[in-house]
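The structure appears right after this line, and notes come after that.
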Amino acid sequence: MMIHSTLSGNKEPFQPIHKNRVNLFVCGPTVYDDSHIGHARTYIAFDVVARYLKYRGFSVFYLQNLTDVDDKIIQRASELGAEPASLARKFEKRYLEDMHNLGVTNVNFYARATEHIPEIISQIERLMEKGFAYETQTGVYFDESRFEDFGKLSHQTAEDLERHRIEPDPTKRNPGDFSLWKKREDKEEVTWDSPWGRGRPGWHIEDTAITETYFGPQYDIHGGAMDLIFPHHEAEIAQMEAASGRKPLVRCWMHTGFLNVKGEKMSKSLGNFVTIRDMLQRYDADSFRFFVLSAHYRSPIDFSEGALEQSRRSLERIRQLVKIIEEQLECSETPETASEALQSEVDIRLAEAKAKFLEFMDNDFNTPYALGAIFELVRDVNRRMNEKTISRKALGDAKNLLGEWEWILGISFSSKGPEPAQKPEDLIGSLIELLIEIRQKLRDKKDWQLADDIRNRMKELNIVLEDAKAGGGKYTIK
RNA sequence: GCCAAGGUGGCGGAGCGGCUACGCAAAUGCCUGCAGAGCAUUACCACUCCGGUUCGAAUCCGGACCUUGGCUCCA
C-alpha cells in the first residue's frame, strides 16, 4: 500500500510502527462557527482513509482534536455577548452533527484542547528545560533557530522564512518563533495557571500535547488540509521532535487539496463559503461524498451546483443497478444458476473488478479511479442482465461486492425516497396525485391526447411526470 | 521574492514512458401508445508552450508562461 507523504513529496510504502495498529490524527476544527463544505471535504477524505485501512485489516485509532480555546472563539463570544466556553460547546455540537450527517463516523475520540492543559504545560516545561523555548514579557516562545529541521515539511529554509506578513512581536528572538503560551493577566479572559503565570496555550502545542497523550512521541499518519502545512504542522514537528528527541514525529503526512469556488479558495473573508448545513438542505450527503471522492484527495476541486448535480446523476446510475438487481433477485424467472462457462466468466469478472478497486485504493487512495472500476462493473452487469445470461447467484455476488464498496466509500447505493426539496405541501401533493389517477384512467382508455395534454400542461407548471409501465408514475417539481 | 499544488476531450476527472480510464453531456439503437426515465452501443483520439532524452513522452529532463494557495489566522 502506497501513500503520498508531504515530507518526502513522494509515495511511500505504508508500514505502521506497531504491527497492524494505525494511529491516525487529523486536525479538527476551531469551534467558533459552523463548518463549511471545504472542511467537509477534508473530513470525508480522512473518513475514507480510516475506512479503507480498517477494510485492509488494520486496527485504526482515529483521533481528532477540537480547538475549544482560541482568540477567534473569544472574539466571537465577546461580539455575541456569550461565554466563550458555551459558544465553543454549541459549535462543537453542531460540528459533530454535521459530521454525523455526512457519514463521517470513524473518529474514535475527539480530544478537547481545554481538557489537556496539564499535558500542554508539561510539554512546554520540557521544551524550556532543553533550551528550545524561552519566556518573555508576553509569553513563552519556541526558539526556531535551535531546531535545525525547521522548515523540512514545507520545504523552506530559514532564509525563506525571514519574510512575514504580520509584524513579529519585538520580544521574540527570531521572527519565526511561535507562541507556546500566551500570557493573559486580564481577569475577564479564559485563562489557566501555569509556571509562567495566568494565560492560555498557543495554537500549535495543543495538538502535540494531545497526540503525545494518546499515541506517544511518534505515530503513523497525520492528516489535514494543505493550508496547515505551514506553520501549524511545521510547528508540531518542531515541538514534539525537540521535546522527545525522537524523529520523525509521524511516518506519513497526508494533506488534502482545497475545495475552491470558481477557482478561488472557499473562505470566510471572500464570502464565498457554503456551510455544510446549507449544502445539505439542497443535496443529499451521498451525492456530496461522491463529489468529493470523484477527485483525488490531494487535487483541488471546484465546487458548483452543476458539479454536484453531475455527481448526483452518476451515483444514480449505480443505484439504478442495485435496484434492478434487487428486483431480479425477487423475480421468479431469474435462473438459480447459469451454465458453468457463464458462471466462471462472471466469477472472473467480479474478481477482476474487486482487484482493480483495491489496486487503485492501495495506490494513495485513488478514489476517482476506484469509482471508475465500479462503473465498469455496473456496465458489465447491466449487459449480462440484458442478455439474460446472469444467474441469481452471480447477481448476489455482484450485490455483495457493491456492498463492500459502499462501506469503504461511506456512500449508500440503495435508492432513497423522494428528495427533500421535491416534497410539496400536502394539498398540492394530493392534487398532483389526483391528476395522476385521472391521467391513468385516460391512459387505460387509450385517450392519449388528453393524457399527454395534461402532462404537458403540468410540465409548464414545472411539475414533471414520469409514467411507469405498470401504471401510475412519479412526479418531480423543479 | 521564496515555497507548494496545478494547467488533460464540450464539461468533470484519472493516468505519470508504449495498452490513451471512468462519469456527465451528445448521437444511434432497445424498451415504451408517446414522452421521460432506464439500458446498450458509438463517436471524438484531448493533454499550456518551447527545447531535449528515447525506437516511442500527457508521462522523464531543461526552460518559459499561466492559475490557485502558503509565507506565522485557516480544513
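Numbered from 1 within each chain, the chains take letters A, B, ... in sequence-line order.
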**Item:** Nearest-Å distance for atom pair CZ/P, residues A:F291 and B:A14
**Value:** 11 Å
**Request:** Please state whether the phosphate of B:A40, meaning OP1 or OP2, lies under 4.0 angstrom from any side-chain nitrogen or oxygen of A:N382.
**Result:** yes
**Item:** N or O in side chain of A:W203 less than 4.0 angstrom from B:U72 OP1/OP2
**Value:** no
**Prompt:** Between B:C74 atom C1' and A:R76 atom CZ, what is the distance in whole Å?
**Reply:** 14 Å
**Prompt:** Just wondering, are more than 12 heavy atoms of other shown residues or ligands nearer than 6.0 Å to CD in A:E387?
**Reply:** yes
**Distance test, side-chain N/O of A:T30 to OP1/OP2 of B:C73, below 4.0 Å** = no
**Prompt:** Is A:W448 stacked on the base of B:G33 when the test is centres under 5.5 angstrom and planes under 30 degrees?
**Reply:** yes
**Message:** When both hydrogen-bonding distances must be under 3.5 Å and the geometry is Watson-Crick or G-U wobble, what is B:U54 paired with, if anything?
**Reply:** none
**Asked** If you measure from the Lys or Arg side-chain nitrogens to the Asp or Glu carboxylate oxygens, is any gap between A:D68 and A:R89 under 4.0 Å?
**Response** yes
**Item:** Spacing of A:F360 atom CZ relative to B:G23 atom P, expressed in whole Å
**Value:** 13 Å
**Presence of A:N366 side-chain N/O under 4.0 Å of B:G15 phosphate oxygens OP1/OP2** = yes
**Item:** Watson-Crick or G-U wobble mate for B:C39, both contacts under 3.5 Å
**Value:** B:G29
**Request:** Please evaluate the base of B:C34 for a donor-acceptor partner in the side chain of A:D467 within a cut-off of under 3.5 Å?
**Result:** yes
**Whether A:K172 side chain and A:D177 backbone form a donor-acceptor pair below 3.5 Å** = yes
**Asked** Under 4.0 Å: is that the gap between some side-chain N or O of A:R379 and OP1 or OP2 of B:C22?
**Response** yes
**Request:** Verify, without hydrogens or angle tests, whether A:N65 (side chain) and A:A111 (backbone) share a donor-acceptor contact under 3.5 angstrom.
**Result:** no
**Request:** Tell me which nucleotide among B:C73, B:A37, B:G15 gets nearest to the side chain of A:Y369.
**Result:** B:G15
**Message:** With a 4.0 Å limit, can you tell me whether A:R317 has a side-chain N or O closer than that to the phosphate oxygens OP1/OP2 of B:G23?
**Reply:** yes
**Prompt:** To the side chain of A:D227, which of B:A25, B:A35, B:C74 is closest?
**Reply:** B:C74
**Request:** Kindly assign one of parallel, tilted or perpendicular to the pair A:Y219 and A:F25, based on the angle between their ring planes and the thresholds 30° and 60°.
**Result:** perpendicular
**Message:** Determine whether a donor-acceptor pair (one donor, one acceptor, N or O, separation below 3.5 Å) exists between the side chain of A:D452 and the base of B:G33.
**Reply:** yes
**Message:** Counting distance alone, no hydrogens or angles: does the base of B:A40 have a donor or acceptor under 3.5 Å from a partner atom on the side chain of A:R383?
**Reply:** no
**Complete:** By the Watson-Crick or G-U definition, both distances under 3.5 Å, B:U48 is matched with B:A64
**Request:** Select one nucleotide: of B:A21, B:G38, B:G13, the one nearest the side-chain heavy atoms of A:E376.
**Result:** B:A21
**Residue A:P368, side-chain heavy atoms: nucleotide from B:A14, B:G38, B:A75 that is nearest** = B:A14
**Complete:** Using Watson-Crick geometry (N1-N3 plus N6-O4 or O6-N4) or G-U wobble (N1-O2, O6-N3), each under 3.5 Å, B:C73 is paired with none
**Message:** When the P atoms of B:C2 and B:G10 are compared, how many Å lie between them, rounded to an integer?
**Reply:** 35 Å
**Asked** Between B:C34, B:U72, B:A75, which nucleotide gets closest to the side-chain atoms of A:R455?
**Response** B:C34
**Prompt:** Any idea how A:H222 and A:W253 line up, ring-wise: parallel (<30°), tilted (30 to 60°), or perpendicular (>60°)?
**Reply:** parallel
**Prompt:** In the structure shown, which nucleotide is the Watson-Crick or G-U wobble counterpart of B:C24, with both distances under 3.5 Å?
**Reply:** B:G10
